[in-house]
Amino acid sequence: MYCVIEKITQKVKSSMGEISIKINIADRVYPLKVNMEEEEIIRRAAKLINDRIKEYQENYAVRDKQDLLSMAVLHYATSSLKAEKKVTVEDTDIAEKVYQLDHLLTEFFSK
């Protein structure tokens with residue numbers, strides 16, 4: 001029964017546009033199955049990682065791929081957290097302005 005369900009799931013996924021791709025990161029190839037819509041983003045992400053690794057390799061006396069990968073991951077995780085924080089702050093600011101506008105409109109229309 002499990003094998004039948006797994007085969008049906010695979011057919012449904014492939015009909016929804018799932019494709020197999022190979023991504024090279026730090027001179028290692030990773031086979032992936034992704035949705036067709038995600039392929040470009042994943043390839044761009046891999047390129048960004050490889051570019052960051054190359055930059056660290058050229059500018060620092062680090063040759064170990066694991067260290068370079070760790071530095072790249074730290075860079076992108078930090079960037080992601082900064083972006084999340086910025087969005088949260090901006091959402092809070094917008095919510096405050098909407099509240100103030102609502103208050104002004106309520107006062108205006110209650111007169």
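Sequential numbering from 1 along the given sequence is applied to the chain's residues.
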For the atom pair [atom1] ([X]) and [atom2] ([Y]), what is the distance rounded to the nearest 0.5 Å?
X     : Y     : atom1 : atom2 : value
Gln66 : Met71 : CD    : CE    : 12.5 Å
Ile49 : Asn24 : CD1   : CG    : 11.0 Å
Ile42 : Asn35 : CD1   : CG    : 8.0 Å
Arg28 : Lys22 : CZ    : NZ    : 14.5 Å
Ile53 : His75 : CD1   : NE2   : 12.0 Å
Ser80 : Lys85 : OG    : NZ    : 13.5 Å

Any non-hydrogen side-chain atom of Lys65 less than 4.5 Å from a side-chain atom of Gln57? yes
Are the side chains of Val34 and Ile19 in contact, using a 4.5 Å heavy-atom criterion? yes
Side-chain heavy atoms under 4.5 angstrom apart, residues restricted to Ile, Leu, Val, Met, Phe, Trp, Tyr: same cluster for [X] and [Y]?
X     : Y     : result
Ile25 : Val62 : yes
Leu48 : Leu74 : no
Ile41 : Ile21 : no

Counting heavy atoms not belonging to Lys54, are there more than 12 under 6.0 Å from its NZ? no
Considering residues, nucleotides and ligands other than Arg44, do more than 12 of their heavy atoms fall under 6.0 Å from its CZ? no
Quick one: side-chain hydrogen bond (donor to acceptor under 3.5 Å, both in side chains) partners of Glu107, sequence neighbours excluded? His103
Can you list everything that forms a salt bridge (charged side-chain N to carboxylate O under 4.0 Å, His left out) with Asp91? Sequence neighbours excluded, please. none
With sequence neighbours excluded, what pairs up with Asp51 under the salt bridge (charged side-chain N to carboxylate O under 4.0 Å, His left out) test? Lys47
Mark yes or no for whether Tyr76, through its side chain, and Ala45, through its backbone, hold a donor-acceptor pair below 3.5 Å. no
Donor-acceptor contact present, side-chain Asn50 to main-chain Ala46, <3.5 Å: yes
Identify, with sequence neighbours excluded, every residue that meets side chain to side chain contact (heavy atoms under 4.5 Å, CB included) alongside Leu81. Glu84
Sequence neighbours excluded - ring-ring contact (aromatic ring centres under 6.0 Å, His included) pairs with any residue from residues 51-71: Tyr56-Tyr60
Under a 4.0 Å N-O cut-off, is there an ion pair linking Arg52 with Glu55? yes
For Tyr30, all residues meeting ring pair (Phe, Tyr, Trp, His ring centres under 6.0 Å), sequence neighbours excluded: none
